[in-house]
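Everything numeric in this text was worked out from a predicted model, so none of it was measured.
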Amino acid sequence: MALGFKVVTPTEVEAGYLRGLGEVVVCGVGQAAAARAVETLSEGDRAVVLAGFCGGLADGLADGLADGLAVGDVVVPAWVIDESGEAMAVELGDGLSTGQTLVTVDAVVTRPAEKRALGERTGAAAADMESLAFLRACAGRGVAGAVVRAVSDGVDDALPASIGEWVTPQGRSRVSAALGWAGVRPGRLAELARLKGRADKAGAALRAAVIRVAATWPAGGSRV
């Protein structure tokens, strides 16, 4: 399947759901990793999409979703911000944007109370760890950039405190860390299965959204 852009994704888990959609580059986790992926694009790469998962927040402001986004909802943000107030608009055209604000943070937000507070403080509908630096790097290179995210955990979905350690900085899965967490207490294997189920739902939505974006963006690019 040929797309009119290169796809960059933070982890090999997310990349697995995008298999077969042309070239998919695993960049690693965090803003520095996403920026490096853009800075090392070849001269022929004129458009790139950052695709991956995000956490849903309950902002109740920009989009009126007082209960937040659900697992499997897609965010193609109109704005990407950070907690310091820096913001970048994402110009896609053709009605592709879902209109929300996405906030880029430095660490996974795991507790529902923290998710609610982050949404209320920033007005963002979802959070990730890469998008703002990615868009800054795209602007610096003169490359068209877009962000496509699918919600893998809603505002009321608590995540294991150690979940950030289940992936290396390079985006590789640390299965032993996840299984080590699951083996500590009864019931955690079931929780691990629930996390996998949410990831599968988000992954299917992410794949469909990337294909949808490819139908019209970038203008004049290749088509699916």
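The side-chain hydrogen bond (donor to acceptor under 3.5 Å, both in side chains) check on Asp82 picks up Ser84, with sequence neighbours excluded. Looking at residues two or more places apart in sequence or on another chain, you find a side-chain contact (heavy atoms from CB on, under 4.5 Å) between Lys201 and Val71. Take Trp79 and apply the side-chain hydrogen bond (donor to acceptor under 3.5 Å, both in side chains) test, not counting sequence neighbours, and it matches no residue. By the side-chain hydrogen bond (donor to acceptor under 3.5 Å, both in side chains) test, Arg121 pairs with Glu83, sequence neighbours left out. Remark: Arg136 pairs with Glu86 by the side-chain hydrogen bond (donor to acceptor under 3.5 Å, both in side chains) rule, at least two apart or across chains.
Gly56 and Val151 get closest at one heavy-atom pair: N-CG1, 3.8 Å. Considering every non-hydrogen atom in both Pro10 and Ala51, the closest pair reads CD-O, 3.6 Å. Pairing each heavy atom of Trp217 with each of Val48, the nearest pair is CH2-O, 3.9 Å.
Considering only heavy atoms from C-beta on, Leu21 comes within 4.5 Å of Val210 through its side chain. Residues Gln100 and Leu69 have side chains in contact (heavy-atom distance under 4.5 Å, counting atoms from C-beta outward).
The backbone N or O of Tyr17 lies less than 3.5 Å from a partner atom in the side chain of Arg207, making a donor-acceptor pair.
Tracing side-chain contacts under 4.5 Å through hydrophobic residues (I, L, V, M, F, W, Y), one reaches Val103 starting from Val108; they form part of the same cluster.
Judged as a ring pair (Phe, Tyr, Trp, His ring centres under 6.0 Å), not a single pair has a partner in residues 95-134 (not counting sequence neighbours). Note on residues 141-151: pairs passing side-chain hydrogen bond (donor to acceptor under 3.5 Å, both in side chains), not counting sequence neighbours, are Asp128-Arg149, Glu130-Arg149. For residues 102-111, every residue pair satisfying the salt bridge (Lys or Arg N to Asp or Glu O under 4.0 Å) rule, not counting sequence neighbours, is listed here: Arg111-Glu114. Applying the ring pair (Phe, Tyr, Trp, His ring centres under 6.0 Å) test to every pair with at least one member in residues 24-46, sequence neighbours left out, gives no pairs at all. Screening residues 164-174 for salt bridge (Lys or Arg N to Asp or Glu O under 4.0 Å) gives no qualifying pairs among residues at least two apart or on separate chains.
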Show the atom names and distances, to 0.1 Å, of all donor-acceptor pairs under 3.5 Å that link a side chain in residues 31-41 to residues at least two apart or in another chain.
{"from": "Gln31", "atom 1": "OE1", "to": "Ala133", "atom 2": "N", "distance (Å)": "3.0"}
{"from": "Thr40", "atom 1": "OG1", "to": "Arg36", "atom 2": "O", "distance (Å)": "2.9"}
{"from": "Thr40", "atom 1": "OG1", "to": "Ala37", "atom 2": "O", "distance (Å)": "3.3"}

For residues 183-191, which side-chain donor-acceptor pairs fall under 3.5 Å, sequence neighbours excluded?
{"from": "Arg188", "atom 1": "NH1", "to": "Trp181", "atom 2": "O", "distance (Å)": "3.0"}
{"from": "Glu191", "atom 1": "OE1", "to": "Arg194", "atom 2": "NE", "distance (Å)": "3.0"}
{"from": "Glu191", "atom 1": "OE1", "to": "Arg194", "atom 2": "NH2", "distance (Å)": "2.8"}

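Here CG of Asp157 is found 8.5 Å from CG of Leu195. Values are rounded to the nearest 0.5 Å.
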